[in-house]
Structure formats: C-alpha cells, structure tokens
Amino acid sequence: MILFKQISRLQQALSAARNENKSIGFVPTMGALHEGHLSLIAQSKQENDITVCSIFVNPTQFNDPKDFEKYPVTTAQDILLAEKAGLDLLFMPGVDEMYPNGQQLTRPYELGRIETLLEGAHRPGHFQGVCQVVHHLLSIVQPDGLYMGQKDYQQCMVINRLLDITALKEKIQLKVGATLRETDGLAMSSRNMRLSPQARKQATAIYKTLTEIPEHIKTKSISDAEQEAASFLLQNGFDKVDYIAVADAVTLEPVSKPVPGQPLVVLAAAFIDNVRLIDNLLFDFYL
Ligand code: AMP
C-alpha cells in the first residue's frame, strides 16, 4: 500500500495505472475505519485492478461545528487496517491540500427535492458539503467505480444526482454496498465509538424498531407506526429523534398509503449520548 498526502503525487501514481489500462475503484471515507468501510474496499478490489481509499474528515459537510470537533480520528489504526485489507493507494490529504483557496462553495449544486427531505431538512448545507468534497475527490481520482454504503441511503441518492448534473455518470459507476452491522444489529459507524457502554447497548433499539416497521404498517397507519417507533426510541435511552420515516425507495418522498409491491425504505436519525446515529432498511410493501 502506498500512502499519499499530496494530490499531485496521487495523480502521478493514478495516471501511470491508467496508462496501463488498469481500472480504478474508489472508496471515499472520513476514517475511523470499521468493517463497513473495509467491505467497500473488498468489493472494489474484486471489481477493479487498483483500489483507492480516501480518508478526509471534510469540514464543509458538518452543519454542527461540535460534531466536527468530536469526529473520531484513529489515523495509525486506519493505516494498519487499510494495509491489512490489501488496499493499493491510501489518500489522506490535509484541509489545506483539499481547499487551498478556502472552504466556501463557489456555486451551489442543484440537487432538487432530495436536498429538502430528511437529512437535508435536518442538516442544512450538509449535502452541499458532501457534493463539494466528493466532486473534488472524483476529479482528483477519476475512478471507474465509486463505492458507497447503503447505510447512508440518502447520500447515495444525492451522489447519484451529483453524477447526473456533472455529466460524470457516463464515466463513473456508483456501486452501493450493503450495510454491515454488529451482531446485535447496530449499523457499524465511526460514531459508535463515541457511545458510553450503556448507550452502546441501548443503541440497538434503532435497528430493532426499524425491523418492526414493515409488519406494523400492515395493521396500522404509517404515521402511527412512525410515531410509535419514535416513542420506543425515547423510552429506550435516546434523547431526541430527528425522524423515523417510511419513504418511497426510489424518490424518498413520504408515503402515506403504500401500494402492494411498492419498494419502500424506512429511515431513522436519532441522538443518544449526544451522538447522532442514522440507519435504514429497504423492504417491499405486502399486506
Ligand atoms: P463515512 O466514513 O462514515 O463517511 O463512510 C464512508 C463510506 O462508508 C460511506 O459510503 C458510507 O455509507 C460507508 N459506510 C459507513 N458505514 C457503513 C456500514 N456499516 N456498512 C457499509 N458501509 C458503510
């Protein structure tokens, strides 16, 4: 594995690979690597000649500066894990390397409705920051495949839109990997390491309540099921629920009366121990 901190050095290595007609897979991350990240690296390795992973905690996507300050950084361990996973190129730029002209967005990305829903509504500016950094990283790496996790369902939809509006879709294939979970169901997340032992145990309630929703909406209204799920989280150690929402899996629009066979996704965002956790499950609606 080769570690790069400079864009120019990484690009030299990548253009050499491209000249040999090697395909390039890319896994962007914010580090504090776990099995979820490593599964994306594994998928990319299977499907490409060269795999690049970036680790960059992007300041422009944090709408809450405290969240940015507290974001876990485990650089030495990340390097070991990436090496062990058989990664080819690890890119760990500093903020000045990524944003030499400052962090402000020069023009907003036209993301449409998707930016106004769920995460977009609760984290103003978040997806603009995500697009800013992913667009920049894609222009640096110019991969054939971009590997992202279903764990961040709406983010995948936003990046799909980014590829559309930047005309990158012809060149880059977005591949969405399944959500990896701990044995008790909690979705793996870098933020989990900030949970106290008690909150870590309670956090599994988020997965439990999501798995019950497909059954619940067979016998009660979606809004009742959503409200009961939110109450369940509040009774089980969560301090605040941003949303638990059943949405159309393709458009992410809220659904009140699903039709049989309709692909749905139930998504949740809630705080426990001052840590904001998100998760989601895809399912088809059947009575
Ligand atoms: P992050 O470092 O949290 O920004 O995540 C980097 C990439 O890993 C994103 O595409 C995430 O969706 C993905 N990811 C995060 N957690 C998981 C997980 N538990 N399973 C699979 N992919 C994940």
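One-based numbering, in listed order, for ligands and for the atoms of each.
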**Q** Distance only, no hydrogens: is a donor on one side chain within 3.5 Å (strictly under) of an acceptor on the other, for Asn58 and Tyr71?
**A** no
**Q** From the options Leu287, Val255, Ile222, select the one residue that forms a side-chain contact (heavy atoms from CB on, under 4.5 Å) with Ile217.
**A**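 Exactly one candidate clears the test, Ile222.
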**Q** With a 3.5 Å cut-off and no angle check, do the side chains of Asn48 and Lys22 form a donor-acceptor pair?
**A**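 Result is no, nothing qualifies.
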**Q** Enumerate the protein residues lying less than 4.0 Å from ligand 1, judged by heavy-atom distances, in chain and residue-number order.
**A** Pro28, Thr29, Met30, His34, Gly36, His37, Leu40, Tyr71, Met148, Gly149, Lys151, Asp152, Ala178, Thr179, Leu180, Met188
**Q** Counting N and O atoms only, with roles assigned by atom type, does the side chain of Glu97 sit under 3.5 Å from a partner on the main chain of Ile7, one being a donor and the other an acceptor?
**A** yes
**Q** Ignoring hydrogens and geometry beyond distance, is a side-chain donor-acceptor pair present between Gln132 and Gln103 at under 3.5 Å?
**A** no
**Q** Determine whether Leu252 and Tyr153 make a side-chain contact, defined as any pair of heavy atoms from C-beta on separated by less than 4.5 Å.
**A** yes
